[in-house]
S.K.: 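Please find one structure pasted underneath; my questions will follow.
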Amino acid sequence: MAALTPRYRFAPSPTGFFHVGGARTALYNWILAQQNDGVFVLRVEDTDESRNHPQWTQGIIDALAWIGIDSGDPHFEGPYFQSSFAAQHVATAEEIFAAGHGYYCDLTTEQIQERAKASGLNGYDGYSRDRGLGPGLGHVLRFKVPTGHTIVHDVVRGEVEFANETIEDFVLLRSNGSPVFLLANVVDDIAMNITHVVRAEEHLPNTPKQQMLWNALGSPPPVWAHVPVLVNEQRKKLSKRRDKVAVEQYRDEGILPRAMVNYLMTLGWAPHGDTEIVPWTHIVDEFRLENVNHSPAFFDIKKLAAFNGEYIRMMPLDEFIDACQSVLHSESVPWPPENFNFEVFAAMAPLVQTRVAVLSEVSALVDFLFTAEPPIDEAAFTKSFSADWALPTLIEISKRFEGCAWVADALKLEVEAVGAKHNVKLGKLQGPLRIAITGRSVGTPLFEPIELLGRTESLRRIHSAVQRANR
RNA sequence: GCCCCCAUCGUCUAGUGGCCUAGGACACCACCCUUUCAAGGUGGCGGCACGGGUUCGAAUCCCGUUGGGGGUGCCA
């Protein structure tokens, strides 16, 4: 007998953007497919065709590509659209009915609730099981849940046992004849020879229903694995409404895909050893589904940013400069500004690289070099010039700057000389100068950018600040 | 209500009965370095939810309690 090719399905819903929780599950499936020489099957899940927009699916594929899941790879298959198999879903439901595993029911939701209230029991009581109803207007097809127990063998959690009596006869076909998600899912999984279903924990309570369906259709159920969900600070499942969850958003802010992937993999799982920053190949070698944690994990943006900072600092300089190109923008300054100069930026890049965690922070460190009139932080300005030595020393510095050699080291020496004279340390003394040049009180080392800015412009800014302080 | 899952520093985790005085990472704090801010270095703070068992021995196994989450749709 030929060995069965393992097939892992990744089944996101077609909502315009891609969820970080989904990204992690995708990664798990992708790693498993690679480890076992299997196939990663992408199926976009919605029984309602009107929601299958091509651009949404493309968004999912782009996001997958960003985190390193390549749709051109031989291990990648799809995308498939669940809604395009609707006819098959209905036909299968009818098979189930014909085989005696289902029955039609004409009760409305209100009637079911009334019966439940009257009997004191929960949910639907199986009222129509033996009424012999056929398909018809207002009739739903329900699955006849057998007696006994259903045991779900889960790679992550072990055996989970459900008493079938606690599971009501669930709907397969709506009264308008359309199939429900639960059924569509199983039919598609069987049709696509799916062998492993790795998905979020929230699906665990529905798994016995799906497993019954697999059995009713004469197929051995797949290997199940329910991984913990990602939660917000309130410990609630990450929600698109409340939380910042779009992978694309992190991409646009300058999170590096390697950092994102590495961070995501440390939620619910950890590589061996004392360091969590590990290369992707290492993760692929070491990851085991059996070792995935059982409890929900908080998606910590601060830690993500810290990982990203590490990855930024690991980059060779030219790669860093290159990565900056795509994200150089800021809200206050249109980017790239008129007088953007690549050479100048490249000269600044080494000073910037250790000072950002996210690439979008880059512009705020260099924008003053490329704008005619950098906006001035008023509060910082006032504070910097409050010392009695501030204005006189700055004037003195500007005088010295008029004649000295225009290189960073020389500029620094001039400022230090003024400091020695007034008995003010360089760290303090450079405050007013920094505000004058950059408009801010913190930033990269000062003298390199002053050199890059040039004598004329630097002096102009200093004079302008002196005037402002005099007002 | 009913069903299911979960429980180690603030957070993410290591831990699979003795290597645990519970290890690491992020965050936080202090110091060093320093041209502000970072980066880097050193150190610090901080945890096995609770109660019963089992065992010579429990973070680890069992039961219960409490707390959290999820599911329970003619949503996906």
Side-chain angles (χ1 to χ4, degrees), chain A residues 11-15 45-48 51 82 105 107-109 112 116 120-124 138-142 152 154 156-157 160-163 165-168 170-182 184-185 200-209 226 228-229 231 233-237 263 266-277 291 293-307 309-310 312-313 351-357 365 384 408 412 415-416 419 425-431 433-435 438 440-448:
Chain A
S13 56
T15 48
E45 306 252 69
D46 205 312
T47 55
D48 181 351
R51 285 193 288 258
Q82 182 160 69
C105 173
L107 257 42
T108 63
T109 308
I112 291 167
L121 296 168
N122 296 308
Y124 179 68
H139 293 192
V140 299
L141 178 64
R142 287 180 181 275
V152 172
D154 190 290
V156 175
R157 280 151 216 283
V160 186
E161 187 172 337
F162 298 83
E165 61 192 15
T166 64
I167 301 171
E168 64 178 40
F170 51 94
V171 170
L172 261 23
L173 249 31
R174 302 186 185 100
S175 56
N176 67 3
S178 65
V180 302
F181 172 75
L182 194 81
N185 236 306
E201 182 191 6
E202 62 204 89
H203 295 285
L204 185 54
N206 282 324
T207 307
K209 297 180 189 173
H226 290 90
V229 291
V231 298
E233 45 279 274
Q234 278 92 245
R235 302 251 113 212
K236 302 252 195 258
K237 191 174 73 167
Y263 174 64
T266 66
L267 297 176
W269 179 81
H272 290 302
D274 280 350
T275 173
E276 295 182 326
I277 307 278
N291 297 339
N293 246 26
H294 296 187
S295 34
F298 168 58
F299 184 78
D300 186 355
I301 294 171
K302 268 186 159 176
K303 187 161 177 179
L304 204 213
F307 271 45
E310 289 264 345
I312 284 178
R313 277 171 256 128
L351 302 178
V352 171
Q353 194 171 1
T354 57
R355 269 161 260 259
V356 293
L365 287 175
S384 277
K412 185 184 170 197
V415 175
E416 276 174 336
K425 285 229 165 83
L426 180 59
K428 288 185 111 177
L429 187 66
Q430 67 168 347
L433 178 60
R434 180 182 291 280
I435 286 276
T438 71
R440 298 191 178 89
S441 58
V442 296
T444 65
L446 232 201
F447 302 106
E448 290 80 357

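On a predicted model such as this, the values are computed, not experimentally measured, just so you know.
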S.K.: Round to a whole Å and report the spacing from CZ of A:Phe181 to C1' of B:C75.
M.R.: 10 Å
S.K.: Using the P atom as the point on both nucleotides, what is the distance between B:U16 and B:A22, in whole Å?
M.R.: 16 Å
S.K.: Kindly assign one of parallel, tilted or perpendicular to the pair A:Tyr263 and A:Phe299, based on the angle between their ring planes and the thresholds 30° and 60°.
M.R.: perpendicular
S.K.: Think A:Asn206 has a side-chain N or O under 4.0 angstrom from the OP1 or OP2 of B:G73?
M.R.: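 Looking at the OP1 and OP2 atoms of B:G73, neither is under 4.0 Å from any side-chain N or O of A:Asn206.
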S.K.: Under 4.0 Å, counting only non-hydrogen atoms across every strand here, what does A:Glu448 touch: a base, just sugar-phosphate, or nothing?
M.R.: base
S.K.: Round to the nearest Å and state the distance from A:Gln353 atom CD to B:G40 atom P.
M.R.: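 Whole-Å distance recorded here is 12 Å.
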S.K.: Using the C1' atom as the point on both nucleotides, what is the distance between B:A14 and B:U55, in whole Å?
M.R.: 25 Å
S.K.: B:U36, B:G40, B:U11: which one has an atom nearest the side-chain heavy atoms of A:Phe298?
M.R.: B:U11
S.K.: Would you indicate what A:Arg235 reaches in the nucleic acid, counting non-hydrogen atoms under 4.0 angstrom: base, sugar-phosphate, or nothing?
M.R.: sugar-phosphate
S.K.: Would you mind classifying the nucleic acid contact of A:Ile112 as base, sugar-phosphate or nothing, using non-hydrogen atoms under 4.0 angstrom?
M.R.: nothing
S.K.: Is there a Watson-Crick or G-U wobble partner for B:C75 with both distances under 3.5 Å, and if so, which one is it?
M.R.: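 When the pairing criteria are applied, nothing turns out to pair with B:C75, so the answer is none.
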S.K.: Side-chain contact, heavy-atom cut-off 4.5 Å: A:Phe447 with A:Leu433?
M.R.: yes
S.K.: Could you tell me whether A:Val140 contacts a base, only the sugar-phosphate backbone, or nothing, with contacts defined as non-hydrogen atoms closer than 4.0 Å?
M.R.: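 The answer is base, as A:Val140 lies within the cut-off (heavy atoms under 4.0 Å) of a base atom.
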S.K.: With no hydrogens and no angle check, is any side-chain donor or acceptor of A:Glu276 less than 3.5 Å from a backbone partner on A:Pro271?
M.R.: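 No.
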S.K.: Tell me what A:Gly268 touches on the nucleic acid: a base, only sugar-phosphate, or nothing, going by heavy atoms under 4.0 Å.
M.R.: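 Result for A:Gly268 = sugar-phosphate.
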S.K.: Select base, sugar-phosphate, or nothing to describe what A:Glu202 touches, counting heavy atoms under 4.0 Å on all strands.
M.R.: sugar-phosphate
S.K.: Using a heavy-atom cut-off of 4.0 Å across all strands, would you classify A:Glu168 as base, sugar-phosphate, or nothing?
M.R.: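 Answer is sugar-phosphate: A:Glu168 comes under 4.0 Å of backbone atoms only.
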S.K.: Nearest whole angstrom, please: distance from the C1' of B:C4 to the CZ of A:Phe170.
M.R.: 16 Å
S.K.: Grab the N/O contacts between the protein and nucleotides 26-29 of chain B below 3.5 Å, and write none if there aren't any.
M.R.:
none

S.K.: Does A:Leu446 or A:Leu107 map to a spot on RNA chain B nearer the 5' end, using the closest nucleotide for each?
M.R.: A:Leu446
S.K.: For B:C75, take OP1 and OP2 only and decide whether either is under 4.0 Å from a side-chain N or O of A:Arg51.
M.R.: no
S.K.: If you compare every side-chain N and O of A:His294 against the phosphate oxygens of B:C6 (OP1, OP2), does one of them come in below 4.0 Å?
M.R.: yes
S.K.: Please measure how far the C1' atom in B:U36 lies from the corresponding atom in B:G44, and state the result in whole Å.
M.R.: 26 Å
S.K.: If you only use heavy atoms from C-beta on, which nucleotide in B:A38, B:G23, B:C12 is closest to the side chain of A:Thr266?
M.R.: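 Taking heavy atoms from C-beta onward, the closest nucleotide is B:C12.
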S.K.: As a quick check of understanding, evaluate side chain to side chain contact (heavy atoms under 4.5 Å, CB included) for A:Leu426 and A:Lys412, giving each step before the final call.
M.R.: CA-CA 9 Å; A:Leu426 180 59; A:Lys412 185 184 170 197; 3.7 Å; yes
S.K.: For A:Lys412 and B:U35, is the shortest distance between a side-chain N/O and OP1 or OP2 below 4.0 Å?
M.R.: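 Looking at the OP1 and OP2 atoms of B:U35, one of them is under 4.0 Å from a side-chain N or O of A:Lys412.
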S.K.: Does A:Lys428 place a side-chain N or O at less than 4.0 Å from the phosphate oxygens OP1/OP2 of B:U35?
M.R.: no
S.K.: Roughly, in whole Å, what's the span from CZ in A:Arg174 to P in B:C74?
M.R.: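 A:Arg174 atom CZ is separated from B:C74 atom P by 9 Å.
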S.K.: What contact category does A:Asn122 fall into here, base, sugar-phosphate, or nothing, at under 4.0 angstrom with non-hydrogen atoms?
M.R.: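 Base, at least one base atom sits under 4.0 Å.
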S.K.: In whole Å, measure the gap between the P atoms of B:G73 and B:G67 for me.
M.R.: 25 Å
S.K.: I need the minimum non-hydrogen distance between A:Ser295 and A:Pro228, along with the two atoms involved.
M.R.: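 Nearest heavy atoms, A:Ser295 then A:Pro228: O-CB, 3.3 Å.
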S.K.: How far, in whole Å, is B:G17 from B:A27 if one measures between their P atoms?
M.R.: 34 Å
S.K.: Using the C1' atom as the point on both nucleotides, what is the distance between B:C56 and B:G71, in whole Å?
M.R.: 44 Å
S.K.: Nearest whole Å is fine: how far is B:G40 P from A:Ile312 CD1?
M.R.: 12 Å
S.K.: Below 3.5 Å, does any donor atom in the side chain of A:Thr166 face an acceptor in the base of B:C3, or the other way round?
M.R.: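 In this structure, the two groups form no donor-acceptor pair.
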S.K.: Roughly how many Å is it from NE2 in A:His272 to P in B:U13, rounded to a whole number?
M.R.: 16 Å
S.K.: Give a yes or no on whether a donor-acceptor pair under 3.5 Å exists between the nucleobase atoms of B:C37, that is its base, and the side chain of A:Arg355.
M.R.: yes
S.K.: Report which part of the nucleic acid A:Ser175 touches: base, sugar-phosphate, or nothing (heavy-atom distance under 4.0 Å, all strands).
M.R.: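 Base contact.
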S.K.: For B:U13 and A:Asn293 - does any side-chain N or O of the residue sit under 4.0 Å from the phosphate oxygens OP1/OP2?
M.R.: yes
S.K.: Is any side-chain nitrogen or oxygen of A:Thr47 closer than 4.0 Å to OP1 or OP2 of B:A76?
M.R.: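 Answer is yes, contact under 4.0 Å.
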S.K.: For A:Leu267, which contact category applies under a 4.0 Å heavy-atom criterion: base, sugar-phosphate, or nothing?
M.R.: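 Result for A:Leu267 = sugar-phosphate.
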S.K.: With a 3.5 Å limit on both atom pairs, tell me what B:A22 is paired to, counting Watson-Crick and G-U wobble, or say none.
M.R.: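 B:A22 is unpaired by these criteria.
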S.K.: Can you find a heavy atom in the side chain of A:Glu201 that is under 4.5 Å from one in the side chain of A:Val229?
M.R.: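 Heavy-atom side-chain distance check passes, below 4.5 Å.
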S.K.: Distance check needed: B:C37 P versus A:Arg434 CZ, whole Å only.
M.R.: 9 Å
S.K.: At under 4.0 Å between heavy atoms, what does A:Phe162 touch on the DNA or RNA strands: base, sugar-phosphate, or nothing?
M.R.: sugar-phosphate
S.K.: Under 4.5 Å between any side-chain heavy atoms of A:Asp46 and A:Ser13, yes or no?
M.R.: no
S.K.: Let's test this: given Watson-Crick or G-U wobble pairing with both distances under 3.5 Å, identify the partner of B:U65.
M.R.: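 Paired with B:A49.
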S.K.: Could you give the distance separating B:U54 and B:C63 at their C1' atoms, to the nearest angstrom?
M.R.: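 Comparing C1' positions in B:C63 and B:U54 gives a spacing of 11 Å.
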S.K.: Is the backbone of A:Val231 close enough, under 3.5 Å, to the side chain of A:Arg235 for a donor and an acceptor to pair up by distance?
M.R.: no
S.K.: Would you mind telling me which residue lines up with the more 5' stretch of RNA chain B, A:Gln82 or A:Phe299, judged by nearest nucleotide?
M.R.: A:Phe299
S.K.: Which of the following nucleotides, B:G23, B:A14, B:C6, is nearest to the side chain of A:Arg157?
M.R.: B:C6
S.K.: Which whole-number value in Å describes the distance from A:Glu201 CD to B:G68 C1'?
M.R.: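 From A:Glu201 CD to B:G68 C1': 11 Å.
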S.K.: With a 3.5 Å cut-off and no angle check, do the side chains of A:Arg174 and A:Ser178 form a donor-acceptor pair?
M.R.: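 There is such a pair (donor and acceptor under 3.5 Å, judged by atom type) between the side chains of A:Arg174 and A:Ser178.
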S.K.: So what does A:Gly443 hit on the nucleic acid, given a heavy-atom distance under 4.0 Å: a base, only sugar-phosphate, or nothing?
M.R.: base
S.K.: Considering only atom C1', compute the distance from B:C4 to B:G18 and round it to an integer number of Å.
M.R.: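 These two C1' atoms come out 35 Å apart once rounded.
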S.K.: Counting only heavy atoms not in A:Lys209, do more than 12 fall under 6.0 Å of its NZ?
M.R.: yes
S.K.: Is there a ring-ring contact (aromatic ring centres under 6.0 Å, His included) between A:Phe170 and A:Tyr124? Walk through the geometry before answering.
M.R.: CA-CA 8 Å; A:Phe170 51 94; A:Tyr124 179 68; over 10 Å; no
S.K.: For residues A:Arg157 and A:Val152, determine if any side-chain heavy atom of one lies less than 4.5 Å from a side-chain heavy atom of the other.
M.R.: no
S.K.: Counting only Watson-Crick or G-U wobble pairs whose two distances fall under 3.5 Å, which nucleotide matches B:C28?
M.R.: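 B:C28 is paired, partner B:G44.
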